[in-house]
Amino acid sequence: MSKIFVDACFGKETPYTPVWMMRQAGRYLPEYMEVRAKAGNFLNLCHDPKKACEVTLQPVDIVGVDAAILFSDILVIPDEMGMELSFVKGEGPKFSDPIRNEADLERLIGGEEAASKLTYVYDTIKLIKEQLAEDKALIGFTGAPWTLATYMIEGEGTKTYNICKKMMYSNPELLHKILAKVTEVVKLYMEKQIQSGIDVVQIFDSWAAAIEPSKYDEFSWKYMVEIAEYLKEKYPHIPVIMFPKGIPAFLDKVYGNFDVFGVDWSTPMAYAKEKLGDRYVLQGNMEPCRLYSKESTTECVEALQKIMGGKRHIFNLGHGILPDVPVENAKHFINECHRVSGK
Ligand code: CP3
């Protein structure tokens, strides 16, 4: 059976415009909180294919999205490259021994060895594929090398990126070596996700906006394109979605062989359509906080439908859903996307 979501990623005409939500499998769902409480902590949940499968499928059943996104985290990659990941309550992710010099880089596990340690992810994908309805797609994902490197170098989330940026401007060779090593792992990791059964790839560059526009290609985009083109060459039937968050000034320079450009909420959809709509299918881009109000949600969905006209478009939020959004409002968003596009 052909999947509407996959057809839409390739720009084919579909009976309606499919929709999913970034961070749809997570804390706004009471059913998720229940499974997570049983797992003990978040990383245990990522490491347990049965439970990770269960929470991946929840938003499909509960809110009615057209695609599931694999439940995992971008940070399992550096974790398996030998950096010890922990999630500190109230503070987010932490790595105890960040990468700051050549010796640190040397101790990172690379390539096939790192990619083959992520077996719990591949097992989760296989389980999901057994249970996901035929007409729904499964999205696999990775962080972009830059976004992963920010955590690996800073050791945690950051507001200023000062340690990475010091490296960017005073020792760019080292930053490039780190990015290249991560890129090699990500290529093999995504390839193994495809071999395990994902239908679509999304590359999240959540911290793209930390890089000045004239340096964005050099330190992030070119590595994302390298990954996308490696996958497209070997697996042309698998669509690739690129999501660089917050880079409207770079839209003029976007290049590469991939299928869908994820538009974040700070970039006007009409502007993205003008710059990229002929070359890429566009995904997005409701401001996630509109989910707090059903009226604001409807207003935005109707405006997006007017701009895109149901062509070469996938509905989504322009970044992740927040934990305190009422489930009923998330359902309203999905229903409205389906209603305006004729489902
Ligand atoms: O539906 C989905 O998208 C679920 C799968 C998923 C998670 N993280 C689960 C998660 C995905 C695709 C991610 C990606 C991710 N992780 C990104 C890129 C996407 C984005 O939103 O920008 C980033 C930057 C991370 C790193 C990360 N993971 C942080 C900073 C945090 C802690 C901050 C927070 O939101 O609490 C996480 C933890 C995390 N990843 C949670 C979930 C559901 C919350 C853990 C919990 O408390 O249950």
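Whatever order the structure lists ligands and atoms in, that order sets their numbers, starting from 1. Being a predicted model, the structure only gives us computed values, none of them experimental. One is the number of the first residue; the rest follow in order along the sequence.
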If you measure from [atom] to every heavy atom of [options], which option wins on shortest distance?
| atom | options | value |
| --- | --- | --- |
| atom 45 (C) of ligand 1 | Tyr151, Phe42, Trp20 | Phe42 |
| atom 47 (O) of ligand 1 | Gln58, Arg36, Gln202, Met22 | Arg36 |
| atom 6 (C) of ligand 1 | Ser72, Gly320, Gly26, Gly143 | Ser72 |

Under 3.5 Å: N/O of [X] near N/O of ligand 1:
| X | answer |
| --- | --- |
| Asp73 | yes |
| Ala25 | yes |
| Ser206 | yes |
| Trp207 | no |

query: Between Lys245 and ligand 1, which residue portion shows a heavy-atom distance shorter than 4.0 Å: side chain, backbone, both, or neither?
result: neither
Identify, for [atom], the protein heavy atom at the shortest distance, and state residue, atom and that distance.
| atom | answer |
| --- | --- |
| atom 34 (C) of ligand 1 | Arg27 NH2, 3.2 Å |
| atom 13 (C) of ligand 1 | Arg23 NE, 3.6 Å |
| atom 38 (C) of ligand 1 | Phe87 CE2, 3.4 Å |
| atom 11 (C) of ligand 1 | Phe141 CZ, 3.6 Å |

Just by distance, do the side chain of [X] and the backbone of [Y] share a donor-acceptor pair under 3.5 Å?
| X | Y | value |
| --- | --- | --- |
| Asp7 | Lys12 | no |
| Ser341 | Thr17 | yes |
| Asp66 | Val19 | yes |
| Thr298 | Lys294 | yes |
| Arg312 | Gly277 | yes |

Proximity flag Pro93 to ligand 1, non-hydrogen atoms under 4.0 Å: yes
message: Check for me whether Met21 has a heavy atom closer than 4.0 Å to any atom of ligand 1.
response: no
message: Any heavy-atom pair between the side chains of Asn335 and His332 that's under 4.5 Å?
response: no
task: Using a 4.5 Å cut-off on heavy atoms from C-beta on, say whether the side chain of His313 contacts that of Gln283.
output: no
Which of the numbered atoms in ligand 1 are under 4.0 angstrom from any heavy atom belonging to [X]?
| X | result |
| --- | --- |
| Ile69 | 1 (O), 2 (C), 3 (O), 12 (C) |
| Leu70 | 5 (C) |
| Ile74 | 14 (C), 15 (C), 16 (N), 17 (C), 23 (C), 24 (C), 25 (C) |

- prompt: Salt bridge between Lys232 and Asp259, side-chain N to carboxylate O under 4.0 Å?
  reply: yes
message: Under 4.0 Å and counting heavy atoms only, is there anything from the protein next to atom 43 (C) of ligand 1?
response: yes
- request: Using the six-membered ring wherever Trp is involved, compare the ring planes of Phe258 and Tyr280 and label them parallel, tilted or perpendicular (cut-offs 30° and 60°).
  value: parallel
query: What class does the angle between the rings of His176 and Phe219 fall in, given that below 30° is parallel, 30 to 60° is tilted and above 60° is perpendicular?
result: parallel
- prompt: Would you say Val60 and Leu317 are hydrophobically clustered, going by side-chain heavy atoms of ILVMFWY under 4.5 Å?
  reply: yes
